[in-house]
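Comments concern the structure below.
Lettering follows sequence order; numbering is per chain, from 1. Computed over heavy atoms, backbone and side chain alike; hydrogens, waters and symmetry mates excluded.
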Amino acid sequence: MFIKGKKKEENQEVWRWWEEEKRDDGVKWKYLEHKGPVFAPDYEKLPSSVKFYYDGQEMKLSEKAEEVAGFYARMLDHDYTSKSVFNNNFFKDWRKTMTSKEKETITDLSKCNFKYMHAYFLEKSEERKNMTKEEKKKIKEKNDEIMEEYGYCTIDGHKERIGNFKIEPPGLFRGRGEHPKMGMLKLRVMPEDVIINCSKDSNIPKPPEGHRWKEVRHDQSVTWLASWTENVQGQNKYVMLNPSSKLKGEKDWQKYEIARKLAKSIDKIRAEYREDWKSKEMRIRQRAVALYFIDKLALRAGNEKDEDQADTVGCCSLRVEHLALHEEKDGKQYVVVFDFLGKDSIRYYNEVPVEKRVFKNLQLFMENKSPGDDLFDRLNTGILNKHLNELMEGLTAKVFRTFNASFTLQAQLNELTDPDVSIPEKILQYNRANRAVAILCNHQRSVPKTHAKSMENLMKKIEAKKEQVKDAERQYKDAKKHARGSQKESIVAEKKKKALERLREQLAKLEVQATDKDENKEIALGTSKLNYLDPRISVAWCKKNGVPIEKIYNKTQREKFRWAIDMAGPDYVF
DNA sequence: CGACCGACTTGTTGGTATTGGA
DNA sequence: TCCAATACCAACAAGTCGGTCG
């Protein structure tokens with residue numbers, strides 16, 4: 001894991017850490033130095049012209065109460081403010097910030113008039129939009145300065161980007177789905193809340209003037225530079241390195257190597273869990289069926305969740321109410337219909353024909369149970385992962401998702417890529433392969449609001465282009481007629497021909513674009529590309545097919561996958 | 001065990017920068 | 001050159017998984 005010998009000069013040599021000797025002793029770094037996190041800007045009081053009314057009466061809020069009211073006012077035209085859970089949580093926490101006098105007066109959220117505050121914030125954001133170029137440039141320069149100062153750290157002799165060096169500002173908690181804590185106040189984080197992690201012999205970051213850190217520690221077994229506990233869920237938040245860093249890149253690489261290892265033993269593992277469907281022991285049958293779902297459907301493991309979080313499930317936490325069994329459905333036998341909310345409360349709906357044995361097992365698991373009971377009552381993620389680790393070192397439930405995603409991409413690329421087509425068409429083929437993975441992983445998105453309209457615009461453009469092509473064809477034909485014998489006219493004809501070709505290319509490109517857009521309207525490709533697809537597959541595909549890597553990965557992604565871009569040749573296979 | 005928690009990855013959202021066509 | 005659509009990226013929520021403790 002560490003560089004052998006002396007430091008290398010950053011500017012003169014690329015840091016090809018994937019060629020360095022590795023060590024795995026639980027120590028994540030030897031030397032770490034940074035400037036500490038950047039805190040949210042202090043609260044700026046509203047101008048006195050921005051009024052707040054309670055029950056028709058103008059009221060001057062204390063600074064604290066005003067700040068929190070502002071968080072709500074900003075969200076006035078958001079769906080959240082129409083939810084009673086959100087409103088109740090907000091109101092309860094808001095009242096905690098009020099003076100005793102305010103508390104006495106303000107007892108009903110519905111009597112609060114935030115409209116003027118809301119209008120003020122809108123106005124502010126409008127102002128920001130209408131700033132002159134110079135003003136915008138100035139702000140950007142300021143941000144760049146902060147970035148330069150606080151956005152990097154030194155780790156084992158190298159300067160690396162930090163991912164999130166800014167502490168989260170205060171605001172209202174926005175949970176996803178039906179989160180019981182939505183609307184609660186996220187408190188302002190102070191230096192006194194923050195733990196710093198760095199080398200003992202480094203320049204220890206200085207807390208802001210007049211403050212001190214909660215703690216400074218020197219723990220080499222973790223990768224974070226700073227941490228604090230967020231008050232709404234009581235969870236730890238961390239300042240960590242950017243994905244382009246060695247630390248993250250190496251971990252990512254490792255992840256894909258484990259997935260490749262699974263590829264080698266997958267046949268054996270599948271044979272084994274199929275055998276386990278017949279086991280005498282209920283817990284083993286449940287484990288085997290759950291594993292089958294994880295493997296075949298790329299379900300997440302499904303840890304148990306607390307009451308005070310949104311009710312979502314994964315494989316191990318599926319309940320009887322989340323699936324329906326059909327001996328026969330739409331001409332298919334033994335169909336299981338899954339319908340549940342997964343991570344981020346995204347709906348998973350799938351009708352899957354399964355082996356008879358699985359079907360019979362499911363009937364058994366569901367016997368004498370209520371809809372709210374666990375499907376796999378003898379199983380949890382701990383048990384499952386322990387078993388998986390016995391099958392293969394490093395194997396856990398999520399490795400199946402990585403493996404199946406990368407495997408599918410490789411297979412789809414092999415199947416879909418036509419070496420004889422243009423680059424835009426090849427990119428379409430790549431996107432189709434990517435899309436197959438996104439569907440497998442259930443990476444959905446809602447159809448963008450502008451989709452229908454922008455599709456319509458595109459079709460219009462295509463029609464117009466078709467006309468132009470026809471026109472150019474006519475012109476070329478004419479020019480060809482006149483061209484006989486005449487040198488000058490031949491040149492004209494040649495030009496017309498070129499123009500026609502260009503137009504045809506443009507048309508083809510538009511048509512490709514239209515297909516791609518429509519096929520993609522309700523599927524998000526980004527998540528799988530970033531987290532599940534071995535980048536070496538894509539890199540190899542680009543190299544083999546003469547597609548520039550920039551067409552597949554943008555700048556950030558290229559930085560994150562630098563290791564793969566360097567490592568993989570055209571013949572790499574997953 | 002099982003509850004809890006620390007550390008890290010995976011996921012969506014939404015604001016901002018960039019692009020490309022009128 | 002302007003404006004809307006799109007691409008990008010930061011922010012931060014929500015998972016996974018291993019370890020510890022009673």
Side-chain angles (χ1 to χ4, degrees), chain A residues 28 40 75 78-80 125 128-129 131 136 139-140 143 147 151 162-169 171 173-177 179 181-182 186 195 197 219 221-224 227 229-230 232-238 240-243 247-248 251-252 254-255 300-306 309-310 312-317 341-346 380-386 388-389 394-402 405 438 441-446 448-451 453-455 457-458 460-461 464 506 510 513 517 524-532 553-557 559-560:
Chain A
K28 306 289 171 67
M75 294 177 70
H78 198 289
D79 270 356
Y80 276 116
S125 79
R128 228 173 311 122
K129 243 188 269 169
M131 278 187 306
K136 280 185 183 169
I139 289 176
K140 193 170 183 293
N143 285 337
M147 176 74 171
I162 300 173
N164 55 329
F165 56 90
K166 289 180 188 154
I167 299 256
E168 293 171 17
F173 177 76
R174 297 151 90 122
R176 314 254 168 88
H179 197 118
K181 293 193 170 184
M182 63 168 80
K186 258 175 49 167
I195 303 172
N197 194 35
D219 185 350
S221 71
V222 295
T223 65
W224 52 267
S227 76
T229 304
E230 161 266 345
V232 175
Q233 311 228 66
Q235 288 168 0
N236 290 350
K237 298 273 189 168
Y238 302 95
M240 288 187 189
L241 296 183
N242 189 278
L247 210 78
K248 295 287 190 186
K251 201 77 190 300
D252 210 31
Q254 231 179 66
K255 176 180 80 184
R300 296 187 187 81
N303 285 298
E304 302 94 299
K305 293 182 75 182
D306 291 341
Q309 291 170 294
T312 63
V313 298
C315 185
C316 293
S317 49
L341 297 182
K343 182 174 179 180
D344 292 305
S345 294
I346 301 283
N380 61 40
T381 53
I383 296 171
L384 180 64
N385 279 332
K386 209 172 146 235
L388 290 175
N389 196 252
L395 186 62
T396 63
K398 83 187 185 83
V399 178
F400 282 86
R401 253 167 102 79
T402 312
C441 293
N442 198 40
H443 291 143
Q444 302 176 347
R445 63 169 186 182
S446 45
K449 285 184 195 102
T450 53
H451 178 79
K453 201 180 158 199
S454 75
M455 204 64 201
N457 289 342
L458 202 51
K460 270 186 207 155
K461 257 189 232 166
Q506 285 170 354
L510 280 175
Q513 222 182 77
K517 195 192 199 94
L525 302 185
T527 307
S528 51
K529 201 186 240 185
L530 224 49
N531 298 308
Y532 289 105
Y553 291 136
N554 68 34
K555 186 164 152 283
T556 318
Q557 294 169 156
E559 281 167 8
K560 168 167 175 170

Could you state the atom-to-atom distance from [atom1] of [X] to [atom2] of [N] in whole Å?
X      : N      : atom1 : atom2 : answer
A/L388 : C/dC17 : CG    : C1'   : 12 Å
A/R174 : B/dG15 : CZ    : P     : 7 Å
A/R176 : C/dA14 : CZ    : P     : 6 Å
A/K386 : C/dG18 : NZ    : C1'   : 13 Å
A/D306 : B/dC5  : CG    : C1'   : 11 Å
A/N164 : B/dA7  : CG    : P     : 15 Å
A/K251 : B/dT10 : NZ    : C1'   : 13 Å
A/N554 : C/dA7  : CG    : P     : 11 Å

Give one of base, sugar-phosphate or nothing for [X], where a contact means two heavy atoms less than 4.0 Å apart.
X      : answer
A/Q233 : sugar-phosphate
A/G175 : sugar-phosphate
A/N303 : base
A/P169 : sugar-phosphate
A/T223 : sugar-phosphate

Heavy atoms from C-beta onward define the side chain here; which of [options] lies closest to that of [X]?
X      : options                : value
A/H78  : B/dG14, C/dA14, C/dG15 : B/dG14
A/K255 : C/dC12, B/dG11, B/dT10 : B/dT10
A/N531 : B/dC8, B/dT16, B/dG11  : B/dG11
A/T396 : C/dG18, C/dG15, C/dC9  : C/dG18
A/A301 : C/dA13, C/dC17, B/dA7  : C/dC17
A/F173 : B/dA7, B/dG11, C/dA14  : C/dA14
A/W224 : C/dG18, C/dT16, B/dA7  : B/dA7

Of all heavy-atom pairs between [X] and [Y], which one has the smallest distance, and what is that distance?
X      : Y      : value
A/R128 : A/K136 : O-CE, 4.1 Å
A/F165 : A/M147 : CE2-SD, 3.6 Å
A/A310 : A/R176 : CB-O, 3.7 Å
A/G175 : A/Y80  : O-OH, 2.6 Å

Donor-acceptor pair (no angle test) under 3.5 Å: A/K398 side chain, B/dT10 base: no
A/R174: salt bridge (charged side-chain N to carboxylate O under 4.0 Å, His left out) partners, not counting sequence neighbours: none
Polar atom pairs (N or O), protein with nucleotides 17-22 of chain B, under 3.5 Å:
none

Strictly below 4.0 Å: does [X] bring a side-chain N or O up to OP1 or OP2 of [N]?
X      : N      : value
A/R401 : C/dG15 : no
A/K166 : C/dA11 : yes
A/T527 : B/dT10 : no
A/K237 : C/dA13 : yes
A/K248 : B/dT9  : yes

Provide a list of protein-nucleic acid N or O atom pairs under 3.5 angstrom, restricted to nucleotides 2-6 of chain C.
from  : atom 1 : to     : atom 2 : distance (Å)
C/dT6 : OP1    : A/K517 : NZ     : 2.2

